[in-house]
2 protein chains.
Amino acid sequence: MSTISKENYLKAIYQNLSLGVAATTSKLSNDLEVSNAAISDMAKKLSKEGLISYEKYKGMVLTKEGKKIALDVIRRHRLWEAFLAKVLGIPWGEVHNEAERLEHHSSEELINKIDEYLGYPDFDPHGDPIPRSNGNLPDAPKFIPLTKTKVGTAYKIARVNDKNTDLIRYFTKIGLKINGKLKVVDRLSFDDSLHVEINGRPFTFSEKIAANIFVNEYNPETEK
Amino acid sequence: MSTISKENYLKAIYQNLSLGVAATTSKLSNDLEVSNAAISDMAKKLSKEGLISYEKYKGMVLTKEGKKIALDVIRRHRLWEAFLAKVLGIPWGEVHNEAERLEHHSSEELINKIDEYLGYPDFDPHGDPIPRSNGNLPDAPKFIPLTKTKVGTAYKIARVNDKNTDLIRYFTKIGLKINGKLKVVDRLSFDDSLHVEINGRPFTFSEKIAANIFVNEYNPETEK
DNA sequence: CTATTAATTTAAGCATGCTTAAATTTATGT
DNA sequence: ACATAAATTTAAGCATGCTTAAATTAATAG
């Protein structure tokens, strides 16, 4: 049987794997803020239930069924984020924490109603793609980490990491928003910090901040 | 510390006491669908935490603090019901089950946003009063159970029990709605079944159904 | 290649909130 | 009043999902 805890484990495994990061015991221990022993324990259970495949000391991979559950949890999470932001005007930096709890307590019918209400959106307020009810992700260009962009080039801001409320508040403050334009002015090789321009104003991002921002090619034709 | 389970116990105790029903072990066991032993167990814990006062074999009473939590859970429940019905158009018979889960997973900020969005409503879709954020209940005339009404009199439908989806679906089907008019035509002494008129159409309610409907005086002046 | 370090797993234990079965207390009928 | 029934509590046990500490396996440096 699936529980809140198992949903969270599956989601965390999915999110690591989808970023190309191995779902190891220590990585998950860090992500989920529980001990290594707890991860090891749960890995056995999820494996026995056929939701992950797991060999001792080797990390975890989702089975088809495990992936389906993970995507469903993510769907619920992102739809809640979009819904709360749109209807209640909750700031995009704060919807994550609410969604983190609500995602485990909503019927499929409720989630589909929210989806319908929002007009079947493809992305949540942070630019993350929302899995459809059939489990597919909408097509979208692959996100480019701001850390890997070219100096002198303009990009479209496509996604920010949804997990840090304070950082997103700062983004709001400086006018950084999804689908906005960002120009990479310079990158200091000393610390990989970035000089960028947003709405004509200059800002400097540490590498750590830049790692939370993702962009796409900027296409002046399709933008206003 | 308060948990989902404790919130549910406190809510159930409150709801019994507010109907003038003693919060005994067996009553709560029935309401919460757990064993008598579980109730007994929890009674000790809640008592130790100062949320109820409890003497063995004597039933439970909420302390001030326990009542505060109970009212807060009820507030969350009823605001969710109102919100889901209004925004998503979820039928009034179905919002209860969703609210039953969401009530335990919403921050105070979220609940207050919902309250604000709805314009600080006094009643939920079933006619139940919504506790305010300060813990007070809105003033309202006391509900009269349909079972205690006078034959030949017209009443305003004020509240229905929110717990039975099927029954509420039936109410919808026959045009029974909150604030609607209902005339008591006859009561059979044999089984206390009621003949009523709603929108000019006659219906018969068993006593069991009537016990789930509550009314107020009908005032033709204030009604349209 | 081996010693040391890092990562992971196993073992034992704990809190929560249930269960069933047995014991106990309270209520009821005559 | 007193036997019986009903209600309640106690006892023992279980599943979940954690913890810390010890044991084990894998990775890495020299």
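So that the names make sense, note that chain A is the first sequence line, chain B the second, and so on, each numbered from 1. Quantities reported herein were computed from a predicted structural model and do not represent experimental measurements.
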Given atom CG of B:D41 and atom C1' of D:dT9, what is their separation to the nearest angstrom? 9 Å
Atom NZ of A:K44 to atom C1' of C:dT9: distance rounded to whole Å? 7 Å
In plain terms, say whether B:K68 and B:D72 are close enough for a salt bridge, that is, a side-chain N and a carboxylate O under 4.0 Å apart. no
Distance below 4.0 Å between B:S26 side-chain N/O and D:dA6 OP1 or OP2: no
When you measure from the side-chain N and O atoms of A:S35 to the phosphate of D:dT19, is any distance below 4.0 Å, counting only OP1 and OP2? yes
Determine, for B:K11 against B:E103, whether the closest basic-nitrogen to carboxylate-oxygen distance falls under 4.0 angstrom. yes
In B/S/- notation, 5' to 3', how is nucleotides 22-28 of chain D contacted by protein heavy atoms closer than 4.0 Å? --BSS--
Return no unless some side-chain N or O of B:K45 is found under 4.0 Å from OP1 or OP2 of C:dA15. no
Is it true that A:K6 and A:E49 make a salt bridge, defined as a side-chain N closer than 4.0 Å to a carboxylate O? yes
Using only side-chain N and O atoms of A:S5, determine if any of them is under 4.0 Å from OP1 or OP2 of D:dT16. no
If the cut-off is 4.0 Å, is A:Y54 near the phosphate of C:dT9, judged by side-chain N/O to OP1 or OP2? yes
A:D115 with A:R132: basic N within carboxylate O range, under 4.0 Å: no
